[in-house]
Amino acid sequence: MTAAASSIYSTAKDMSRYVAALVNRGAGERGAILEPESLVMMFTAQYQPDPRIPGLGLSFFRVDMGGHAVAEHQGVLPGFNSQIFVAPDDRARVVAFTNGSRNAATWLTAETGQLLGDLIDVPPAAVRTDVPHRPEIWRGLCGPYRPRAQPTDMQAWSLLGAGVVVLVRHGRLMLRTLSPLPGLYRGLVLHPDEDTDPYVFRVDLSRYGMAAASVVFGRNPAGEVTAIHFDGLPLSARKRSVASRHRHSGRPGRRYSPPAAGPDGRERAAMS
């Protein structure tokens with residue numbers, strides 16, 4: 001018996017009709033299905049831990065594909081995987097189903113994303129080699145980070161495990177998660193990804209059949225690094241030393257509220 005959310009059985013033809021309506025302002029072959037305003041709300045960020053991370057719409061993962069607004073979602077069930085990508089402004093879409101494919105939960109998203117990129121003429125995201133490293137800021141980045149997730153969020157805890165550690169190894173800035181996934185536990189190199197923002201990085205996941213992913217660090221008004229944010233799901237983790245300092249600095253009767261990201265990528269702390 002299939003439980004939610006893998007509870008919809010469909011066909012490639014019907015799913016193609018569905019994504020066609022998503023890029024046609026909510027209209028299908030026999031008329032309107034959704035109001036255009038509803039689609040805008042579905043594709044607009046409803047959760048965005050940092051302005052440099054596209055975030056989540058309503059049941060859609062948002063993607064910035066070379067400046068093109070893209071929404072995607074995947075289906076994962078033992079023995080079956082599916083994926084959709086839509087670029088509403090370009091009216092382009094991709095649907096993929098596969099049965100019994102090995103590790104499709106990782107590579108299917110990257111492959112279909114590249115197919116959409118071919119349709120809208122955007123090359124795959126890659127690690128940049130033309131952005132210089134900034135070792136002078138590494139000390140502020142290094143340290144342990146605790147996942148910012150509810151105790152029942154098994155997806156977050158399975159990926160981030162007991163936490164995230166940023167460290168320098170063999171002269172390279174690296175990220176590792178204390179999780180049961182060997183690749184994440186061994187660590188990933190953080191590659192600078194922005195000329196104007198040294199707190200934006202990218203990790204190479206090609207060995208796992210996945211596209212390169214963005215990693216950004218959030219800061220408070222004092223310039224201290226307070227959090228790390230991951231593109232894709234998205235997930236976040238708070239730096240333990242800074243969180244502990246804030247937690248013990250408030251006067252009795254005051255409650256510390258987690259920082260909210262501002263438009264410049266820095267986090268604004270508030271006391272209530």
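If you read the sequence from its start, that first residue is 1, and numbering goes on from there.
With sequence neighbours excluded, no residue forms a side-chain hydrogen bond (donor to acceptor under 3.5 Å, both in side chains) with His191. For the side-chain hydrogen bond (donor to acceptor under 3.5 Å, both in side chains) test, residues two or more places apart in sequence or in another chain that qualify with Asp130 are Arg128. For Ser82, the side-chain hydrogen bond (donor to acceptor under 3.5 Å, both in side chains) test picks out no residue, with sequence neighbours left out. Taking Ser101 as the reference, Thr98 meet the side-chain hydrogen bond (donor to acceptor under 3.5 Å, both in side chains) condition, with sequence neighbours excluded. Contacts of Phe201 classified as ring pair (Phe, Tyr, Trp, His ring centres under 6.0 Å), with partners at least two apart in sequence or in another chain: Phe217. By the salt bridge (Lys or Arg N to Asp or Glu O under 4.0 Å) test, Asp204 is found to be paired with no residue, residues two or more places apart in sequence or in another chain being considered. Arg25 is linked by a salt bridge (Lys or Arg N to Asp or Glu O under 4.0 Å) to nothing, counting only residues two or more places apart in sequence or in another chain.
Note on Tyr199 and Val168: same hydrophobic cluster, where clusters join Ile, Leu, Val, Met, Phe, Trp and Tyr whose side-chain heavy atoms are under 4.5 Å apart, directly or indirectly. Val95 and Ile33 fall within a single hydrophobic cluster, where Ile, Leu, Val, Met, Phe, Trp and Tyr side chains are chained together by heavy-atom contacts under 4.5 Å. By the rule that hydrophobic residues join a cluster once side-chain heavy atoms approach within less than 4.5 Å of another member, Val23 and Leu34 end up as members of one cluster. Hydrophobic clustering keeps Leu190 apart from Val165 (ILVMFWY residues linked when any side-chain heavy atoms are closer than 4.5 Å, directly or through intermediates). Transitive grouping of hydrophobic side chains (ILVMFWY, heavy atoms separated by less than 4.5 Å) brings Leu39 and Leu58 into a common cluster.
Among all heavy-atom pairs drawn from Ala211 and Ala110, the shortest one is N-CB, 3.7 Å. When all heavy atoms of Ala69 and Pro88 are compared, the closest pair comes out as O-CD, 3.5 Å. The two residues Val225 and Gly140 have their closest heavy-atom pair at CB-O, 3.5 Å. Scanning all heavy atoms of the two residues, the minimum distance from Gly55 to Pro234 falls at CA-CG, 4.3 Å. Smallest separation of non-hydrogen atoms from Val203 and Val189: CG1-O, 3.6 Å. Summarising the geometry of Pro147 relative to Ala162, their closest heavy-atom pair is CD-O, 4.1 Å, with the distance given to 0.1 Å.
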How far apart are the C-alpha atoms of Arg52 and Asp197, what are their side-chain angles, what is the distance that settles it, and do they pass the side-chain contact (heavy atoms from CB on, under 4.5 Å) test?
CA-CA 10 Å; Arg52 297 164 294 178; Asp197 189 344; 2.9 Å; yes
Going through the distances and angles, do Val70 and Val86 end up as a side-chain contact (heavy atoms from CB on, under 4.5 Å)?
CA-CA 6 Å; Val70 172; Val86 295; over 6 Å; no
Hey, mind stepping through Tyr185 and Thr177 against side-chain contact (heavy atoms from CB on, under 4.5 Å) and telling me if it holds?
CA-CA 5 Å; Tyr185 184 77; Thr177 68; 5.7 Å; no
When you look at Leu115 and Phe85, which way does the side-chain contact (heavy atoms from CB on, under 4.5 Å) test go after all the steps?
CA-CA 9 Å; Leu115 285 173; Phe85 267 95; over 6 Å; no
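Taking CG from Asp231 and CG from Asp50, the interatomic distance works out to 10.5 Å, rounded to the nearest 0.5 Å. Expressed to the nearest 0.5 Å, how far CG of Leu56 lies from OG1 of Thr44 amounts to 12.5 Å. Distance check: Leu167 CG to Cys142 SG gives 6.5 Å after rounding to the nearest 0.5 Å. Atom CZ of Arg146 and atom OG of Ser236 lie 14.0 Å apart (nearest 0.5 Å). To the nearest 0.5 Å, atoms CG (Leu141) and CD1 (Ile228) are separated by 8.5 Å. Between atom CD of residue Gln48 and atom CD1 of residue Ile53 there is a gap of 8.5 Å, rounded to the nearest 0.5 Å.
Screening residues 169-193 for salt bridge (charged side-chain N to carboxylate O under 4.0 Å, His left out), with sequence neighbours left out, gives Asp193-Arg202. Residue pairs meeting the ring-ring contact (aromatic ring centres under 6.0 Å, His included) criterion with at least one partner in residues 17-47, sequence neighbours excluded, are Phe43-Phe60. Residue pairs meeting the salt bridge (charged side-chain N to carboxylate O under 4.0 Å, His left out) criterion with at least one member in residues 29-39, sequence neighbours excluded: Arg17-Glu29. Among pairs with a residue in residues 85-113, none fulfils salt bridge (charged side-chain N to carboxylate O under 4.0 Å, His left out), at least two apart in sequence or across chains.
A 4.5 Å side-chain heavy-atom check between Tyr145 and Val166 finds at least one atom pair inside the cut-off. The shortest distance between side-chain heavy atoms of Gln46 and Met41 falls below 4.5 Å. The side-chain heavy atoms of Phe97 and Thr11, taken from C-beta on, include no pair separated by under 4.5 Å.
The closest donor-acceptor contact from the side chain of Asn103 to the backbone of Thr106 lies at 3.5 Å or more, if one exists at all. With Thr112 contributing its side chain and Thr109 its backbone, the two residues share a donor-acceptor pair below 3.5 Å.
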Which donor-acceptor pairs under 3.5 Å do the side chains of residues 71-81 make with protein atoms, sequence neighbours left out?
residue: Glu72; atom: OE1; partner: Gln83; partner atom: NE2; Å: 2.8
residue: His73; atom: ND1; partner: Ser59; partner atom: O; Å: 3.0

